[in-house]
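The structure appears below as structure tokens.
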Amino acid sequence: MWIIAINDGSSDNTSEVVNGLLDKYEKLRFIDLKENNGKANALYLGLIASKGEILMGVDSDAYIMPDALNYIVPHFTNPYNGERVGAVTGNPRVDSHNNCLGFFAYICHILGLWNSCSEKWMVSSGIYNI
């Protein structure tokens, strides 16, 4: 398993922190973009840099369970699924409750209304596009 960290022009000390981890973790790759070109571009570059058959994307403000891969990977490796499974998602948690839209998304998650909310709202790292 490899980890590809992508810094999409962050103005904090992300570059220094991740660069400091590269020697410690040999299966960590780092794409350090000097300017923000959008989430889609960052994900695309991560896809190009990957060498695996199964990819998992996690936003910097998302928290996953330590055993999340144990729940996600079997959907792709189960012989009964064949080639029918192209993507699997978990139960996302938004860590942006500090504004009205963030709070609305949080309530949608809690109430299990994400499917109906996601038809009208696109959530990307706590930024909501209408």
Side-chain angles (χ1 to χ4, degrees):
M1 178 174 69
W2 284 81
I3 295 176
I4 302 172
I6 304 169
N7 178 24
D8 190 23
S10 174
S11 60
D12 60 15
N13 65 342
T14 299
S15 293
E16 292 80 19
V17 171
V18 178
N19 276 317
L21 297 171
L22 289 173
D23 288 336
K24 184 175 180 181
Y25 299 99
E26 66 180 47
K27 293 199 173 201
L28 171 62
R29 298 183 70 195
F30 185 38
I31 299 172
D32 193 11
L33 304 174
K34 299 305 176 196
E35 60 183 56
N36 185 310
N37 292 301
K39 180 179 179 178
N41 182 66
L43 290 173
Y44 177 71
L45 293 174
L47 177 67
I48 291 172
S50 68
K51 297 177 183 172
E53 292 182 31
I54 299 174
L55 307 175
M56 179 177 172
V58 181
D59 287 346
S60 62
D61 62 350
Y63 300 95
I64 61 169
M65 296 174 15
D67 60 346
L69 289 176
N70 294 334
Y71 293 97
I72 293 172
V73 171
H75 293 283
F76 297 100
T77 59
N78 183 334
Y80 297 108
N81 287 339
E83 295 182 6
R84 298 180 303 157
V85 177
V88 176
T89 185
N91 183 8
R93 301 281 195 256
V94 177
D95 192 27
S96 299
H97 309 124
N98 57 348
N99 61 46
C100 183
L101 291 175
F103 183 73
F104 176 74
Y106 176 70
I107 296 299
C108 287
H109 290 301
I110 289 176
L111 297 177
L113 299 174
W114 176 247
N115 287 334
S116 62
C117 293
S118 64
E119 292 173 9
K120 297 174 180 64
W121 306 84
M122 184 178 89
V123 180
S124 172
S125 300
I127 298 171
Y128 303 85
N129 302 314
I130 300 176

Minimum heavy-atom separation for [X] to [Y], with atom names?
{"X": "Ile31", "Y": "Leu45", "answer": "CD1-O, 3.7 Å"}
{"X": "Glu16", "Y": "Asn13", "answer": "OE1-CA, 3.0 Å"}
{"X": "Trp2", "Y": "Glu26", "answer": "CZ3-O, 3.6 Å"}
{"X": "Asp8", "Y": "Lys39", "answer": "OD2-N, 4.1 Å"}

Do Leu22 and Phe30 have side-chain heavy atoms sitting under 4.5 Å apart?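 Contact flag for Leu22/Phe30 side chains = yes.
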
Using atom types as modelled and distance alone, determine if a side-chain donor or acceptor of Asn7 lies under 3.5 Å from a backbone N or O of Ala5.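 It does not hold such a pair.
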
Is there a donor-acceptor contact under 3.5 Å from the side chain of Asn19 to the main chain of Ser15?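 Side chain of Asn19 to backbone of Ser15: a pair is present.
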
Ile6, Ile4, Ile3, Val18 screened by side chain to side chain contact (heavy atoms under 4.5 Å, CB included) with Arg29, the one that passes: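 Exactly one option meets the side chain to side chain contact (heavy atoms under 4.5 Å, CB included) with Arg29, and it is Ile4.
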
Roughly how far, to the nearest 0.5 Å, is CD1 of Ile48 from CG of Leu43? 11.5 Å

First locate atom CE of Met56, then atom OG of Ser50, and finally report the distance between them rounded to the nearest 0.5 Å.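 Spacing of CE (Met56) from OG (Ser50) equals 14.5 Å.
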
Other ILVMFWY residues reachable from Leu47 by side-chain steps of under 4.5 Å: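 Direct or chained contacts put Leu47 with Leu55.
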
Give a yes or no on whether Glu53 atom CD has more than 12 heavy-atom contacts from other residues, nucleotides or ligands under 6.0 Å away. no

Which residues satisfy the side-chain contact (heavy atoms from CB on, under 4.5 Å) test with Asp12, sequence neighbours excluded? Ser10, Thr14

For Ile54, side-chain contact (heavy atoms from CB on, under 4.5 Å) partners two or more places apart: Val73, Phe76, Thr77

